[in-house]
Amino acid sequence: MNFLAHIYLSGDDEGIVIGNFIADGIKGKRYMKYPPAIQKGILLHRAIDSYTDAHPTVRESTAKLHENYGHYSGVIVDILYDHFLAKNWGNYHEIPLEKFVEDFYALLRHNFSILPARIQRMMPYMIADNWLVSYATIAGIGKILSQMNVRTKRVAKMNLAVVELEQHYDAFEEEFTRFFNDLIQYSENKLREL
């Protein structure tokens, strides 16, 4: 899953939200240098990623992309699934997406000093372009995929995946919905475990 889903699945604990958001940049046991709630968020993020990668419904989605994007298919599906979460936000949360995201950005600003340097550098762009709200539109997802493609030195050609999104839109949305219901349950159970 991508940023929006990870934030959503963290619940209300701000430390868990921060940990889940920064987790990709925290390797191995380096998570142990953070306060307990952030550690919990990092471990939740890792568990969500493992669960997602192994889920048969996610594999249905990645199969549609594998021929053109190879091992980048999983990254693309994560982004596409965030589109469907943003688009259907009202089905999952009572707080409107814009307000939820605004509160999250405020949380990042308030905790700037604890964020890894990579996140500190990325944050101004994320907020200025309002990435998380832009996920709700195909144009917004296209821009995110183009940015990701630049990060791969244009090898992945992820920017072209909007074509498959539009071709298989209903199927991707149905797969997201089926998978996300499972993921919500899994994440709630994992949070109780941690």
Side-chain angles (χ1 to χ4, degrees), residues 1-12 17 20-21 23-24 41 44-105 126-127 129-149 151 156-191:
M1 299 308 294
N2 205 38
F3 293 134
L4 185 60
H6 278 292
I7 297 160
Y8 169 80
L9 294 165
S10 297
D12 297 328
V17 173
N20 202 342
F21 177 67
D24 278 335
L44 176 63
H45 181 108
R46 292 175 181 180
I48 288 168
D49 281 356
S50 295
Y51 180 82
T52 299
D53 291 345
H55 199 284
T57 303
V58 175
R59 291 186 178 191
E60 280 180 58
S61 294
T62 57
K64 291 178 187 62
L65 301 171
H66 199 269
E67 183 180 338
N68 291 332
Y69 306 103
H71 70 273
Y72 293 106
S73 300
V75 174
I76 294 168
V77 167
D78 285 349
I79 294 167
L80 300 187
Y81 279 11
D82 257 13
H83 164 66
F84 293 110
L85 175 56
K87 176 190 169 218
N88 298 296
W89 184 258
N91 297 338
Y92 299 101
H93 211 291
E94 67 281 355
I95 296 174
L97 179 61
E98 293 77 6
K99 172 69 172 139
F100 180 88
V101 169
E102 186 182 302
D103 291 347
F104 172 69
Y105 293 154
M126 179 184 209
I127 294 171
D129 290 343
N130 205 358
W131 292 357
L132 300 178
V133 171
S134 78
Y135 288 169
T137 67
I138 292 176
I141 286 298
K143 188 171 181 183
I144 297 297
L145 288 167
S146 292
Q147 290 168 346
M148 294 292 290
N149 192 53
R151 280 195 222 152
K157 306 219 182 308
M158 285 188 216
N159 56 306
L160 304 177
V162 171
V163 172
E164 283 88 353
L165 171 61
E166 290 172 330
Q167 281 176 343
H168 305 287
Y169 195 87
D170 292 340
F172 279 129
E173 187 164 22
E174 186 276 326
E175 288 158 7
F176 161 77
T177 303
R178 192 167 13 118
F179 163 69
F180 203 61
N181 290 331
D182 290 349
L183 183 60
I184 289 168
Q185 189 61 59
Y186 172 80
S187 299
E188 287 171 356
N189 292 338
K190 195 69 186 174
L191 268 173

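All values below were derived from every heavy atom in this structure, side-chain atoms included, with hydrogens, water molecules and symmetry-related copies excluded. Position 1 is the first residue of the sequence, and the numbers go up from there.
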Looking at [X] and [Y], would you say the former's side chain and the latter's main chain have a donor-acceptor pair under 3.5 Å?
X	Y	value
Ser50	Ala47	no
Asn149	Met158	yes
Asn181	Thr177	yes
Ser187	Ile184	no

Worksheet item: Between Phe84 and Tyr169, does the ring centroid distance fall short of 6.0 Å?
Response: yes

Minimum heavy-atom separation for [X] to [Y], with atom names?
X	Y	value
Ile76	Ala161	CG2-CB, 3.7 Å
Leu132	Val101	CB-CG2, 3.7 Å
Tyr92	Tyr8	O-OH, 3.0 Å

Hey, what do you get for [atom1] ([X]) to [atom2] ([Y]), rounding to the nearest 0.5 Å?
X	Y	atom1	atom2	answer
Gln167	Leu165	CD	CG	10.0 Å
Ile141	Met148	CD1	CE	11.0 Å
Tyr69	Lys157	OH	NZ	10.0 Å
Phe104	Ile7	CZ	CD1	3.5 Å

Flag the pair [X] / [Y] as yes when at least one side-chain heavy-atom distance between them is below 4.5 Å, and no otherwise.
X	Y	answer
Lys64	Phe172	yes
His83	Ile79	no
Phe180	Leu85	yes
Tyr186	Leu9	no
Met126	Tyr105	yes
Leu183	Tyr51	yes

Discussion item. On the six-membered ring of Tyr135, is Lys87 placed so that its NZ or CZ lies under 6.0 angstrom from the centre and within 45° of the ring axis?
Written reply: no

Worksheet item: Given Thr57, which of Arg178, Glu174, Glu175 fulfils the side-chain hydrogen bond (donor to acceptor under 3.5 Å, both in side chains) condition?
Response: Arg178

Worksheet entry | Positive for side-chain hydrogen bond (donor to acceptor under 3.5 Å, both in side chains) with His6, one of Asp82, Asp24, Asp78, Asn20 | Asn20

Worksheet entry | Mutual orientation of the aromatic rings belonging to Trp89 and Phe100 [parallel < 30°, tilted 30-60°, perpendicular > 60°] | tilted

Practice prompt. Apply salt bridge (Lys or Arg N to Asp or Glu O under 4.0 Å) to Arg59 and Asp53, showing your working.
Written response: CA-CA 8 Å; Arg59 291 186 178 191; Asp53 291 345; over 6 Å; no

Practice prompt. Let me see the working for Leu4 and Leu97 under side chain to side chain contact (heavy atoms under 4.5 Å, CB included), right down to the final yes or no.
Written response: CA-CA 10 Å; Leu4 185 60; Leu97 179 61; 4.0 Å; yes

Worksheet item: Which residues pass the salt bridge (charged side-chain N to carboxylate O under 4.0 Å, His left out) test with Arg46, sequence neighbours left out?
Response: none

Practice prompt. Start with the C-alpha gap between Asp129 and Gln147, add the side-chain angles, then the distance that decides, and say whether side chain to side chain contact (heavy atoms under 4.5 Å, CB included) holds.
Written response: CA-CA 12 Å; Asp129 290 343; Gln147 290 168 346; 4.1 Å; yes

Discussion item. Just by distance, no angles: are the side chains of Asn88 and Glu173 close enough, under 3.5 Å, to form a donor-acceptor pair?
Written reply: yes

Discussion item. Looking only at side-chain N and O atoms, does Tyr81 offer a donor or acceptor that is under 3.5 Å from a partner on Ser61?
Written reply: yes

